[in-house]
Amino acid sequence: MFHPVSSKVNFPQVEESILSLWKKHNVFERSVNARGSGSRFVFYEGPPTANGSPGIHHVLARVFKDVIPRYRVMKGYYTPRIAGWDTHGLPVELEVERELGFSSKADIEEYGIDRFNARCRQSVFGYLKQWEAMTERIGFWVDLKHPYITMDNRYIETVWWAIKQMWDRGLIYQGYKVTPHCPRCGTSLSSHEVALGYQDNVEDPSIYVKFKVVKGLPSLPDKPTYLLAWTTTPWTLPGNTALAVAPDAEYVVVAGDDEYLILASALFKQAKLEGCEIVERMKGSDLATITGVNYEPLYNPHKYGVERSRFETVNETGVLGARRLKLQKPNEKLTYKVIATDFVSMEEGTGIVHVAPAYGEVDYQAGQDNDLDFVHPVDLQGIMTGNYPFSGRFVKDADPLILDDLKSRGLLFRSEKIRHTYPFCWRCEAPLLYYAKQTWYIRTTAVKEALVAGNDEINWYPEHIKYGRFGDWLQNNVDWAFSRERYWGTPLPVWQCEACGSYDCVGGVDELKGKAGLSGLKEPLDLHRPFVDELTFTCSQCGAKMKRVPEVIDCWFDSGAMPIAQWHYPFENDTLLGDGRFPADYICEAVDQTRGWFYSLHAISTLLFNRPCFRNVICLGHILDAKGEKMSKARGNVVEPMAVIDKHGADAVRWYCLTASPPGNVRRFSERLVSEVTRRFLLMLWNVYSFFVTYANIDHFVPGSGGALEESELDRWIISELNQLIADVDGALEAYNPMEAGRKIESFVNELSNWYVRRSRRRFWKSESDADKLSAYNTLYQCLVTLSKLLAPFTPFLAEELYQNLVGSAFPEAPDSVHLTDFPVADVTKVDKQLAADTRLVMKISSLGRAARSQAGIKVRQPLAHVLVSLASNQEQEILERLKPQILEELNVKDVIIRPPTVDISVSVPAVVIVTEGDYSVAVPTELSPELRAEGLAREIVHRLQTMRRSSGFDIADRIVTYYQGEAYIKQVMEDFADYIKQETLSRELVDGVPHEGVFTESHRLGDYEVLLGVKRLE
RNA sequence: GGGCCAUUAGCUCAGUUGGUUAGAGCGCAGUCCUGAUAAGACUGAGGUCUCUGGUUCGAGUCCAGAAUGGCCCA
């Protein structure tokens, strides 16, 4: 006996009991360990940060992360899955700062780095319970008991080892580079972080500034001459040390009332100067070389208490290419020059570009190439230094004051506003400022070819990411600025000598402990700041004291090192690279990780081992709300995932995530869509399951009984479809395409429910337990059991429920969970393509026939003498001839008359309704004989009695006595069709007469006749 | 400014290499079926396949350009 299954189901409730079953029987661990001898399938978990509650996009990712490994386990692969937590980085610090009400790094230092980091350590798992609960509830199987945690000493030690490997190969250097700097967080942002914070339509000043040429042009000495330049960042003007022109472009000198202005002729009109007279033309290269076209600084740094320096190159081991700035002496008569470069745009501005080497990447490069001065009157908080009229102000606030100042000095030609895209800090939304700063870099450009070549070996889903977004990113690779001037992160393991300035990189704890003259060591060891800052040792070069540099590293480096750091390689597990645990077969994250984790994984792996560390990656699109808008707290449209799961169940959410749309597309999410999935798919499957169990129990069906099966055509058909389905699902999952696999399952369940079960109903109902009935049971049983296995990776709860009841209760020796079974193997010999096509033909004709009946207004319950059918080919005629019985049943007709394709059936018989689709036509006669009418009435009576049985709460198998009272015609029909009516309604007898008390009665109108019907249950 | 993706019914999505009249589910209106009943079947309304050009005997599909949205880069 199977456990009775009601057609009414509460999925969340079923799932809860499955969860406790898994827990009780330790199913996840066993599913992994049972495959211990199989080949490894390696999954890498991209570690989330647990300092915020998980969102629906996390659920999406975890569902996709789960489905493939579950499939692999069932295919016999040994597939351990290790959870991971990302614990370092600015997000964590910002959260703690918010809690403490801090607004700057000074607040943190005052509070104490030790206390601050202790709070970070605590904060980072603030939502761990929620994360674990969500992970468990949705059935994402991953080892949460032994996760890798990026802040653990052992994890950090591996990260140090990795950095040391790169250091030894000269791949780490400290350089000045212009980096996007967040003035509030006080740190540089990596380019992948910058990418997170662009905002459109930002309003900024758009100003034209006049730079006075020192002596005027030799040919035009009568009036002062100005170079006209354009900028949107007035605050960078004090840092101006050159003006750049395009060497091949034409420049013009135009005459104003009491001045000459120089600008590119191409931008002459755009600067609204077309009314002015052009007095001279010259090439940009001439402008740059003409003696005397030096200009006066807008702000001579020496007058405002600001330093001026120039670059010089130094070479040291490990710090290749480092540059130092050499301080210059004050010069009251300072002038700057015009340079010719290749970056001057003729699209906007004046063709003369303001160059401030401290504040732009190209500016900085131009400064190096042209020995320009370097002036940097802005501190790390974005405050103007020196004693300008606008000193002490935040740069953006200084802008209007600078304009006022220039205007009062007659140097502002024009001032407007512009709307453009500008980057902001992705966490705190402060505008980013481009600064030349000393930062530690990883020279990823040195392995660019290997990065690109490695990408060739990776399978991307969707494929366009490979040579699109990710490939482009690799092609445009720049060195990785990976140091952060922050507190809560993996400390950069570089020590510098206080005296001689030489560096040492430490690659492990033992190495550190072995350093001569080590002091400051405390146990238990904590590799974080400030404790690691207190560790000093003796300089091997000069014997003075080595102190750690202050920086920590980008947390993307942490997570990107997880392939080795989760194993504490090479300090433990040193066979990792050769024993199958590296690289990953599968990873999966959202598309924003292209420049995040996907990149840091790939970069670190390539730098260390010169090979990629993942083979297949599913890259998920982002989730939008029901209206297609981005979910955000501000909009208040964030979907709380647990609420949806509690209401509809995890399987519904999983199935929606997996099948609703291609994984790489953006997708809309709403509770409504999840509930649709439940109705359309889960409930339909459940109904088939419930139907099966109900009748199997009535008939005491025992799975596998009955020896060789006498399969009907219908059985052979669904078994053929089933085996085709197995092959399709297997192939799609093998190809990392759960959506396709899921949709195939959906259409199979639809066929199973709406054709196989519907067509087979009478076989289950009939009283005698013959071979045909047994075959039907065995066939449906096989379909359901196979479905439970096919569905196990997708909807593990529902799959388990089916399996437990269908298999667990019948085969005590079977594995005690569907997740411990093998994935079904398709028996291709059972796939009958011809039969599939034949059945499609029957479906087609039935559908047309129903349409014709519908149009003729004749219920299917009313038998008809025949239908006329016209087909596409003679071959199909033969097929349909064979499958006639099915059509007879489906359409409730006594005969099917098949006409050759060449005969127009509309003229062959009068009084018909015809429905045609393509080459297929079905015609039904509208005339009814008295015999057919009587039979129709009998069926109508049966129908009414069935409904009465149900509404009076009888069980399906209850025997009854039926009473009837009506006119002569009714009595005649009741007598003529007595056997039929008794059989259909399980009536022991049909009693003509007034029902006595205790009988459920109803009066019915059947066409022109009145009848009183009564039913009474027999004990 | 550049790149990638998307745009098909009111909504969510299919549409293989170009080939009759562009499909499904949901929703809506109606009919039917029902011993799966909080399902199911059928019919109907609902489409300038975002737009403009081009290639072709033939374009939702291929090419070019544009628009809108999303993501990314600068």
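Quick note on labels: first sequence line is chain A, next is B, and so on, each numbered from 1.
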Ring geometry between F977(A) and Y980(A) (parallel below 30°, tilted from 30 to 60°, perpendicular above 60°): perpendicular
Sugar-phosphate only, base, or nothing, as touched by Y689(A) at under 4.0 Å among non-hydrogen atoms: nothing
Check: F470(A) ring centre within less than 6.0 Å of H602(A) ring centre: yes
Distance-only donor-acceptor test, R469(A) side-chain atoms vs C71(B) base atoms, 3.5 Å: yes
hbond_proxy S753(A) side chain to A36(B) base (donor-acceptor, 3.5 Å cutoff): yes
Sugar-phosphate only, base, or nothing, as touched by T985(A) at under 4.0 Å among non-hydrogen atoms: base
F598(A) ring center near W473(A) ring center (under 6.0 Å): no
Sugar-phosphate, base or nothing in reach of P662(A), heavy atoms under 4.0 Å: sugar-phosphate
Minimum-distance nucleotide to V591(A) side chain [options: A39(B), C71(B), A14(B)]: C71(B)
Watson-Crick or G-U wobble partner of C42(B), both distances under 3.5 Å: G30(B)
Watson-Crick or G-U wobble partner of G69(B), both distances under 3.5 Å: C5(B)
Euclidean distance, atom NE2 of residue H464(A) to atom C1' of C71(B) [Å, nearest integer]: 10 Å
